[in-house]
Number of protein chains: 2
Amino acid sequence: MTKALKKQEIIDHAYELFYDHGFHATGVDKVMADTGISKRTLYKYFASKEDLIAELIGHYGETFLKIAPVEIARLSPDPAGQIMALFDFRKAMFDEGSFRGCFAISANLEYSGRDTPVQAASLKFFETFLNYIKSLCADGGYKDPDKLAGQVIVLFNGAVVASQASRSPAPFDAAKSVLAMLLAAAK
Amino acid sequence: MTKALKKQEIIDHAYELFYDHGFHATGVDKVMADTGISKRTLYKYFASKEDLIAELIGHYGETFLKIAPVEIARLSPDPAGQIMALFDFRKAMFDEGSFRGCFAISANLEYSGRDTPVQAASLKFFETFLNYIKSLCADGGYKDPDKLAGQVIVLFNGAVVASQASRSPAPFDAAKSVLAMLLAAAK
DNA sequence: CTAATAGTAAACCGATCTGTTTACATTGAG
DNA sequence: CTCAATGTAAACAGATCGGTTTACTATTAG
């Protein structure tokens, strides 16, 4: 097994564990046992637990931003409708019964108030995600795509967090009704 | 010192510690040392760490819902303007340099995926807060105050979480611009 | 004065935490 | 075959975790 594969294997296992059970609540021992590796190997690939989590945020971002364009293109042909479809897509992830929220937000909040690699990685994800929304808004031909993207993100984050906390996809309906109004006014 | 006062003293100290440093990251030993009490006393007033946190969420809710009406009444005379003022008030809390988000959301997310007293307490807060927004919307004379309240909450949570994560009050400006549009359309 | 209450300090429990280190086994390439 | 790389298992470190219990000391009310 190559180095890259081994590292990916650790990432895959750690990702699920932290996503499901939280960051402080999950020890590196659990990651080791779940992956089936020794502690030495874990610390060969990652300098610290926080560095591992930071890389997992990167993994989350890459995964999400690879799947999302495909899914929203499947749901709607035009860029304008794809913004709405993004909310449908995210809601569907909750509908499947798993109420995992945003990996980056959860990590950021749990390490809130400090300056760790976790903060840096999550901020980088937020920026990347914002740029993606901006490009969608620009493609949609809206007047002020950058301003619109900022508004869309607030709605999106609000829906995601409320859904995770209440374990219900309902907040997405409220968010979508506002989004429809917002998009109509921004043409 | 009476029982109630002692308990309040523990709550006050624990509240600051958990709010600033997180829940799993803060041990009961730190709460003891900070309050200046023994472990036995702590566990006389609270059955467990999770029960303590659940009570702290109640404390957060009571505090917030006692101050908010006063502040927004100071900022705006009419109920319609007070909804907007609620965002100004919350933004001002961030502007003061402290980027503490919503205590209930933070606690809920950190204990996400399990069923603890923490979940119950935070859900109760969300309900109370929603009812408060509903009453503001009803007083404002809006068409469908319950629906509007759900939309307002999504915007509010989105702004709070994004501000905490990015340590910037900027998301409130995006949220407020959407809110203005929303309120204008809901008259 | 007495008796109950409420408190402290500290030992103790078993477990866990992140991280390092030592000793040894496996493997693959030259 | 040999040697270096890569891995495992496990001890070790020092600290912390949530929680219980014991022994002792103030305080306070009757």
Side-chain angles (χ1 to χ4, degrees), chain A residues 1-15 17-57 106-107 110-111 113-121, chain B residues 1-57 106-107 110-121:
Chain A
M1 177 172 293
T2 72
K3 278 191 183 185
L5 278 179
K6 194 80 176 180
K7 183 168 182 175
Q8 192 58 48
E9 206 179 352
I10 299 173
I11 286 178
D12 290 340
H13 284 92
Y15 181 71
L17 288 173
F18 285 123
Y19 214 161
D20 280 337
H21 308 296
F23 301 91
H24 288 89
T26 304
V28 291
D29 286 10
K30 229 155 254 160
V31 175
M32 290 162 44
D34 200 66
T35 313
I37 55 161
S38 68
K39 201 173 278 192
R40 178 162 187 172
T41 303
L42 179 65
Y43 279 96
K44 168 166 285 176
Y45 288 103
F46 304 96
S48 67
K49 182 186 180 181
E50 286 180 357
D51 279 309
L52 167 58
I53 293 171
E55 287 214 40
L56 294 180
I57 293 172
S106 297
E110 195 157 328
Y111 287 86
R114 294 161 49 196
D115 256 344
T116 67
V118 175
Q119 316 295 324
Chain B
M1 177 172 293
T2 71
K3 280 190 185 186
L5 278 180
K6 194 81 176 178
K7 182 168 183 176
Q8 192 59 45
E9 206 178 351
I10 300 173
I11 285 178
D12 290 341
H13 284 90
Y15 180 72
E16 298 297 320
L17 288 172
F18 285 122
Y19 214 161
D20 280 337
H21 308 295
F23 300 91
H24 288 89
T26 305
V28 291
D29 286 10
K30 227 155 255 161
V31 174
M32 291 162 44
D34 199 67
T35 314
I37 55 163
S38 67
K39 202 174 277 194
R40 177 161 189 170
T41 303
L42 179 65
Y43 280 94
K44 168 168 284 175
Y45 288 103
F46 304 95
S48 69
K49 183 186 181 182
E50 287 180 357
D51 279 309
L52 167 60
I53 293 171
E55 287 214 40
L56 294 180
I57 293 172
S106 297
E110 197 158 327
Y111 287 87
S112 186
R114 294 163 47 196
D115 256 345
T116 68
V118 175
Q119 315 296 323

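Every chain is numbered from 1 and lettered A, B, ... according to where its sequence line falls, protein lines coming before strand lines. Since the structure is predicted, the reported quantities are computational estimates derived from the model, not experimental observations.
Here C/dT20 presents its C1' atom at 13 Å from CE of A/M32, a figure rounded to the nearest Å. Computed from coordinates, the A/L42 CG to D/dT8 C1' distance equals 14 Å when rounded to whole Å. Rounded to an integer number of Å, the gap from A/H21 NE2 to C/dT16 C1' is 16 Å. Rounded to a whole Å, the CD1 atom of B/I37 is 12 Å from the C1' atom of C/dA6. If you measure from atom NZ of B/K7 to atom C1' of C/dA6, you get 16 Å, rounded to the nearest angstrom. At whole-Å resolution of the value, CG in A/L52 and C1' in C/dG19 are 14 Å apart.
Taking the six-membered ring for Trp and thresholds of 30 and 60 degrees, B/F18 and B/F23 have nearly parallel ring planes, at less than 30 degrees apart.
Under the side chain to side chain donor-acceptor pair (under 3.5 Å) criterion, A/K30 pairs with no residue, sequence neighbours left out. For A/H24, the side chain to side chain donor-acceptor pair (under 3.5 Å) partners are A/E110, not counting sequence neighbours. Qualifying side chain to side chain donor-acceptor pair (under 3.5 Å) partners for B/E50, counting only residues two or more places apart in sequence or in other chains: B/R114.
Taking CG of B/L52 as the start and NZ of B/K7 as the end, the distance is 9.5 Å to the nearest 0.5 Å.
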(message) Strictly under 4.0 angstrom, non-hydrogen atoms only: write out the protein contact profile of nucleotides 18-24 of chain D, one letter per nucleotide from the 5' end, B, S or -.
(response) BBBBBB-

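Listed by first and then second residue, the salt bridge (Lys or Arg N to Asp or Glu O under 4.0 Å) pairs involving residues 39-48 of chain B are B/D29-B/K39 (not counting sequence neighbours).
At a non-hydrogen distance threshold of 4.0 Å, nothing from residues 112-121 of chain B comes into contact with DNA chain C.
Just one of B/L56, B/I53, B/I10 meets the side chain to side chain contact (heavy atoms under 4.5 Å, CB included) condition when paired with B/F46; it is B/I10.
For A/Y45, no side-chain nitrogen or oxygen approaches OP1 or OP2 of D/dT6 to under 4.0 Å.
A/P117 and A/D51 get closest at one heavy-atom pair: CG-OD1, 3.6 Å.
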